[in-house]
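Reviewing the structure listed below.
Counting convention: from 1, in listed order, for ligands and their atoms alike.
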Amino acid sequence: MNTDLKQIAGNFQIEGEIESIKPLGEGFINDTFYLKTVEESTPDYLLQRKNKAIFTDIPAMMDNIERVTRHLKEKIKCNGGDPMREAMTVTKSKSNELFYQDEEGEYWAMCYFIKDSVTYEKADSPELAYAGGRGIGKFQAMTSDFEGTLADILPGFHNIRYRFQQWDKVLAEDPVQRKAEVQEEIGWIESRKEEMLNFWKLVENGTIPARVTHNDTKINNILFDDKGDVLCVIDLDTVLSSTALNDFGDAIRSYTNTGLEDDENLENVSMDMETFTAYAKGYLSETRSFLTKPELDYLAFSAKYITYEQVLRFLMDYIDGDNYYKIKSPKHNLVRTHAQYKLLQSIEEQFEEMKKVVSSLTTN
Ligand code: GN1
Ligand code: MG
């Protein structure tokens with residue numbers, strides 16, 4: 001394995017000599033390796049095998065990443081910051097491309113490893129939630145004047161109209177005969193369809209504008225420095241043009257959950273209002289000046305929207321026979337569906353309060 005990886009890594013323009021290459025993390029999607037170089041003075045790197053089943057146009061994905069990080073770096077330079085620490089840096093291949101394709105057709109990409117940075121798996125204090133909100137807020141602020149079009153590398157990703165098309169198809173096919181078993185869960189989706197489509201129409205007709213969005217705003221996609229300040233937003237694979245609300249909603253879905261995404265004990269799962277407030281404060285401290293009124297009006301709703309979408313995606317994958325998400329037990333996707341639905345109910349119960357928080361943060 002290691003010799004192969006060394007050979008793969010050898011196709012990139014790395015500085016210094018490779019000391020070791022080790023697997024890193026437990027990503028659902030890509031395989032990531034940490035490449036350490038011998039000398040302290042040369043950078044370390046992250047090497048990734050990109051998942052080509054999910055990302056069907058990796059060259060376009062890498063081009064999106066390159067253009068967005070170039071834009072970020074210019075901004076950071078203007079603000080007197082350090083572009084090598086405050087934005088991701090893609091390492092090109094020896095043939096000057098943003099990726100390397102091996103003999104088996106697998107796509108590999110490399111980026112700088114940002115030293116002396118910290119990641120967290122959970123936002124277990126309001127301070128951390130505030131900092132995470134600032135991180136995504138800053139990312140959106142710096143890209144708010146990005147010009148040009150990003151390739152739509154995940155068509156329909158957070159588009160509920162598209163998800164309903166997939167949903168109807170999976171239900172009609174019922175490929176592994178699981179539909180009968182999940183009638184109640186199907187009802188959870190069906191009963192909220194109209195509410196979700198009504199929101200999405202505002203995105204489709206431009207009332208809610210399209211912006212550069214990250215689309216995977218979990219806390220572990222943010223690097224912090226040793227003082228707990230935000231350094232940099234990472235994992236830009238899903239950078240797309242979409243509504244900024246998706247990034248806010250997805251962050252609330254992951255940050256505020258008092259339980260796990262796949263918690264078997266539903267009593268653990270709820271939306272924590274203090275974390276919501278802290279995240280919203282941090283996020284709005286960076287974005288309030290440019291977000292439009294319709295965006296602010298729907299900010300709290302976006303948490304409902306994205307959590308609902310996640311219930312749908314887990315349930316749909318279960319009915320479809322578990323083709324998308326990696327599972328660790330036969331009913332894993334159903335367990336995830338139940339846990340995310342509990343979170344959705346908790347958001348619905350606290351929705352009026354969430355709206356009040358947003359409005360108190362935006363009206364004074
Ligand atoms: C996937 O594996 P991860 O955490 O990067 C998924 C997200 C889901 C998430 C649920 C490209 O992201 O949309 O919200 O799982 N990413 C893709 O845990 O589908
Ligand atoms: Mg990720």
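- Side-chain atoms of D247 come within 3.5 Å of backbone atoms of H214 as a donor-acceptor pair (strictly under, hydrogens ignored).
- A side-chain N or O of Q48 and one of T32 form a donor-acceptor pair less than 3.5 Å apart.
- Neither the backbone nor the side chain of Q340 has any atom closer than 4.0 Å to an atom of ligand 1 (non-hydrogen atoms only).
- Within ligand 1, counting atoms from 1 as listed, the ones closer than 4.0 Å to a heavy atom of Y324 are 11 (C), 17 (C), 19 (O).
- Polar contact check, D216 against ligand 1: a nitrogen or oxygen pair lies under 3.5 Å apart.
- Residue-ligand proximity: R313 is placed with a non-hydrogen atom under 4.0 Å from ligand 1.
- Atoms NE2 and CD, on H338 and E264 in that order, are 11.0 Å from each other to the nearest 0.5 Å.
- With S117 contributing its side chain and L223 its backbone, the two residues share no donor-acceptor pair below 3.5 Å.
- Every atom of ligand 1 is numbered from 1 in the order shown, and the set under 4.0 Å from a heavy atom of K218 is 3 (P), 4 (O), 5 (O), 12 (O).
- A salt bridge does not link E261 to K218: none of the charged side-chain nitrogens sits closer than 4.0 Å to a carboxylate oxygen.
- At a 3.5 angstrom cut-off on N or O pairs, R253 counts as close to ligand 1.
- Of the N or O atoms in H158, none lie within a sub-3.5 Å distance of an N or O in ligand 1.
- Numbered from 1 in the order shown, with element, the atoms of ligand 1 that lie under 4.0 Å from a heavy atom of E261 read 10 (C), 18 (O).
- Listed by atom number, the atoms of ligand 1 under 4.0 Å from Y325 heavy atoms are 8 (C), 15 (O).
- By the 30° and 60° cut-offs, the orientation of the rings of F164 relative to Y308 is perpendicular.
- A donor-acceptor pair is defined here as one N or O able to donate and one able to accept, closer than 3.5 Å; no such pair exists between the side chain of R134 and the backbone of D229.
- Ligand 1 has no N or O atom lying under 3.5 Å from any N or O atom of D235, backbone or side chain.
- With values rounded to the nearest 0.5 angstrom, I234 atom CD1 is found 7.0 Å from T119 atom OG1.
- Under 4.0 Å from ligand 1, not a single heavy atom of D237 appears.
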